[in-house]
Enquirer: 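Below is the structure I would like to discuss, written out as structure tokens.
Convention: sequence-line order gives letters A, B, ...; per-chain numbering from 1.
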Protein chains: 2
Amino acid sequence: MSEKSEARPNVVIFCDGGCKPNPGAGAWAAILRYGEKEKELTGGERETTNNRMELTAVTRALEELKVPCSVRIVTDSEYIANAFRQKWIDNWKRNGWKTASKEPVKNKELWVTLDALIAKHLVTWEWTRGHAGHPENERCDELATETRMKLFGC
Amino acid sequence: MSEKSEARPNVVIFCDGGCKPNPGAGAWAAILRYGEKEKELTGGERETTNNRMELTAVTRALEELKVPCSVRIVTDSEYIANAFRQKWIDNWKRNGWKTASKEPVKNKELWVTLDALIAKHLVTWEWTRGHAGHPENERCDELATETRMKLFGC
RNA sequence: CGACACCAUUUCAG
DNA sequence: CTGAAATGGTGTCG
């Protein structure tokens with residue numbers, strides 16, 4: 001009910017990423033929804049991991065937003081959702097990007113980029129179980145698979 | 001070209017196993033080829049799994065060999081082929097028969113038996129995709145199905 | 001130890 | 001085409 005959030009456009013982002021094999025040829029996809037408008041984004045990399053693709057999907061989607069928004073992000077990656085919902089990332093930043101077991105956090109550059117994008121918006125995270133019939137999640141899955149096949153023939 | 005391998009008879013083993021339903025009534029079959037000679041083996045169990053039948057097929061075939069041989073084993077089970085080609089079994093032995101995800105390896109007794117048999121021979125593994133027209137693989141498939149029907153009527 | 005995701009093969013059912 | 005079981009692997013975190 002704050003004046004701040006009322007001023008922001010409401011956007012929903014669905015995203016997914018995959019890799020075949022893992023690690024290997026990967027692809028990602030995202031759907032941005034703003035009112036009646038929808039945009040689909042997708043891309044791939046020849047040598048990557050499943051988690052990097054999941055991170056890339058969110059990041060690329062957020063990069064589309066030109067003004068501060070209220071964003072609901074729907075992902076099936078607990079790796080990503082928990083990093084923000086359970087504040088893992090706050091701990092990482094606090095202690096020099098080390099995990100709870102003192103190992104360096106993987107994919108740090110991607111996390112830093114994502115974290116900076118997140119800061120511009122009012123973000124709520126929603127986790128949905130993969131392959132459980134969620135329409136937009138399944139659409140992203142298909143899109144990413146399609147992209148991977150187009151780009152890498154597998 | 002080593003004297004060791006020249007001394008060994010050259011044998012080829014084709015094998016397959018199945019289960020209907022899975023788990024349930026299963027059967028296996030193997031073809032041993034040594035020069036012009038061929039022997040067919042088959043058997044079944046009332047309550048088993050697909051993978052146990054695949055393992056049993058190889059094991060029973062190897063048990064026929066009375067002297068150390070050069071053996072080419074042709075299977076459509078990546079479960080079995082990878083256990084040896086990708087050295088899964090070495091890892092299992094190293095860390096107390098736990099899988100990569102710390103679960104106990106299934107069918108351990110069968111693996112141990114098979115591993116001991118393997119050690120007596122010079123074995124090369126060949127994987128062939130199931131139901132892809134490989135004549136001996138299809139023959140084994142037929143044989144096993146026949147056995148399952150004879151023994152369990154299904 | 002737990003969780004999620006990604007992937008491979010086989011075996012079946014409809 | 002749609003399911004599920006039997007088995008394995010990696011990517012990542014608490």
Enquirer: Between B/N10 and B/C69, is there a side-chain heavy-atom distance shorter than 4.5 Å?
Expert: no

Enquirer: Taking the nucleotide of RNA chain C with the nearest heavy atom to each, does B/R129 or A/G130 sit closer to the 5' end?
Expert: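 Whichever sits nearer the 5' end wins; that is A/G130.
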
Enquirer: Mind checking salt bridge (Lys or Arg N to Asp or Glu O under 4.0 Å) for A/K106 and listing every partner two or more places apart, or none if nothing turns up?
Expert: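 For A/K106, no residue satisfies salt bridge (Lys or Arg N to Asp or Glu O under 4.0 Å) once neighbours in sequence are set aside.
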
Enquirer: With sequence neighbours left out, write down each residue that passes salt bridge (Lys or Arg N to Asp or Glu O under 4.0 Å) with A/K150, or none if nothing qualifies.
Expert: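 Checked A/K150 against salt bridge (Lys or Arg N to Asp or Glu O under 4.0 Å); matches are A/E146.
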
Enquirer: What's the NE2-P distance between A/H131 and C/C4, to the nearest Å?
Expert: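 For the pair A/H131 NE2 and C/C4 P, the rounded distance is 14 Å.
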
Enquirer: Send over the distance from A/K106 NZ to C/C6 P, rounded to a whole Å.
Expert: 19 Å

Enquirer: Please report the distance, rounded to the nearest Å, between CG in B/N107 and P in C/U11.
Expert: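 Distance check: B/N107 CG to C/U11 P gives 16 Å.
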
Enquirer: With sequence neighbours left out, which residue pairs that include part of residues 55-83 of chain B fulfil the ring-ring contact (aromatic ring centres under 6.0 Å, His included) condition?
Expert: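 Every ring-ring contact (aromatic ring centres under 6.0 Å, His included) pair that includes a residue of residues 55-83 of chain B, provided the two are not neighbours, is B/Y79-B/W111.
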
Enquirer: Taking C-beta and beyond as the side chain, do B/I118 and B/L62 meet within less than 4.5 Å on heavy atoms?
Expert: yes

Enquirer: Name all pairs fulfilling the ring-ring contact (aromatic ring centres under 6.0 Å, His included) condition that reach into residues 123-142 of chain A, sequence neighbours left out, sorted by first residue then second.
Expert: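 Of all non-adjacent pairs touching residues 123-142 of chain A, those that pass ring-ring contact (aromatic ring centres under 6.0 Å, His included) are A/F14-A/H134, A/F84-A/W125.
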
Enquirer: Please work out which residues in residues 12-19 of chain A have a non-hydrogen atom less than 4.0 Å from an atom of RNA chain C and list them by number.
Expert: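 Per residue number, the list reads A/D16, A/G17, A/G18, A/C19.
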
Enquirer: Sequence neighbours excluded, which residues qualify as side chain to side chain contact (heavy atoms under 4.5 Å, CB included) partners of B/E142?
Expert: B/R139

Enquirer: Considering only heavy atoms, which members of residues 81-97 of chain B lie under 4.0 Å from some atom of RNA chain C?
Expert: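 Residues of residues 81-97 of chain B that come under 4.0 Å of RNA chain C do not exist, since none gets that close.
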
Enquirer: For the CD atom of B/E63 and the CG atom of B/L117, what is their distance to the nearest 0.5 Å?
Expert: 5.5 Å

Enquirer: Check whether any side-chain heavy atom of A/L110 lies under 4.5 Å from a side-chain heavy atom of A/L114, and answer yes or no.
Expert: no

Enquirer: Ignoring hydrogens and angles, state whether a donor on the side chain of B/R85 or B/N82 is under 3.5 Å from an acceptor on the partner side chain.
Expert: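 No donor-acceptor contact under 3.5 Å links the two side chains.
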
Enquirer: Does the salt bridge (charged side-chain N to carboxylate O under 4.0 Å, His left out) test come out yes or no for A/K98 and A/E103, once each step is laid out?
Expert: CA-CA 5 Å; A/K98 301 289 187 233; A/E103 305 282 334; over 6 Å; no

Enquirer: To the nearest 0.5 Å, what is the distance between CH2 (B/W92) and CG (B/D90)?
Expert: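 If we round to the nearest 0.5 Å, B/W92:CH2 and B/D90:CG are 10.0 Å apart.
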
Enquirer: Look at the side-chain heavy atoms of Ile, Leu, Val, Met, Phe, Trp and Tyr, link any pair under 4.5 Å apart, and say whether B/W88 and B/V105 land in one connected group.
Expert: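 Yes, same cluster.
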
Enquirer: Would you say the side chain of B/I31 lies within less than 4.5 Å of the side chain of B/I13, judging by non-hydrogen atoms?
Expert: no

Enquirer: Quick one: is C/A8 close enough that its OP1 or OP2 comes under 4.0 Å of any side-chain N or O from A/K20?
Expert: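 Result: yes.
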
Enquirer: Hey, what do you get for CD (B/E40) to OG1 (B/T147), rounding to the nearest 0.5 Å?
Expert: 9.5 Å

Enquirer: Compute the bend angle of the helix from C/C1-D/dG14 to C/G14-D/dC1 from the end axes (five pairs per end), rounded to 10°.
Expert: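 Its terminal axes enclose an angle near 10°.
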
Enquirer: Report the distance from atom CG of B/D115 to atom CD1 of B/I89, rounding to the nearest 0.5 Å.
Expert: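 One finds 4.0 Å between CG of B/D115 and CD1 of B/I89.
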
Enquirer: Heavy-atom contacts under 4.0 Å between residues 41-61 of chain A and DNA chain D, which residues?
Expert: A/T49, A/N50, A/N51, A/R52

Enquirer: Of all nucleotides in DNA chain D with an atom under 4.0 Å from a non-hydrogen atom of chain A, which is the first and which the last going 5' to 3'?
Expert: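 Answer, 5' to 3': D/dT10 to D/dG14.
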
Enquirer: Which residues in residues 142-154 of chain A have a heavy atom closer than 4.0 Å to any atom of RNA chain C?
Expert: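 Result for residues 142-154 of chain A: A/R148, sorted by number.
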
Enquirer: Any pair with a residue in residues 43-52 of chain A that passes side-chain hydrogen bond (donor to acceptor under 3.5 Å, both in side chains), sequence neighbours left out, goes on the list, sorted by first then second residue, please.
Expert: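 Listed by first then second residue: A/N22-A/N50, A/R52-A/N107, A/R52-A/E109.
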
Enquirer: Starting at CD of B/E78 and ending at P of C/U9, how long is that distance when rounded to a whole Å?
Expert: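 Rounding to the nearest Å, CD of B/E78 and P of C/U9 are 6 Å apart.
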
Enquirer: Can you measure B/N137 atom CG to C/U10 atom P for me and round it to whole angstrom units?
Expert: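 In whole Å, C/U10 P and B/N137 CG are 9 Å from each other.
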
Enquirer: Could you measure the distance from the CG atom of B/L41 to the CG atom of B/L143? Nearest 0.5 Å is fine.
Expert: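 These two atoms lie 9.5 Å from each other.
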
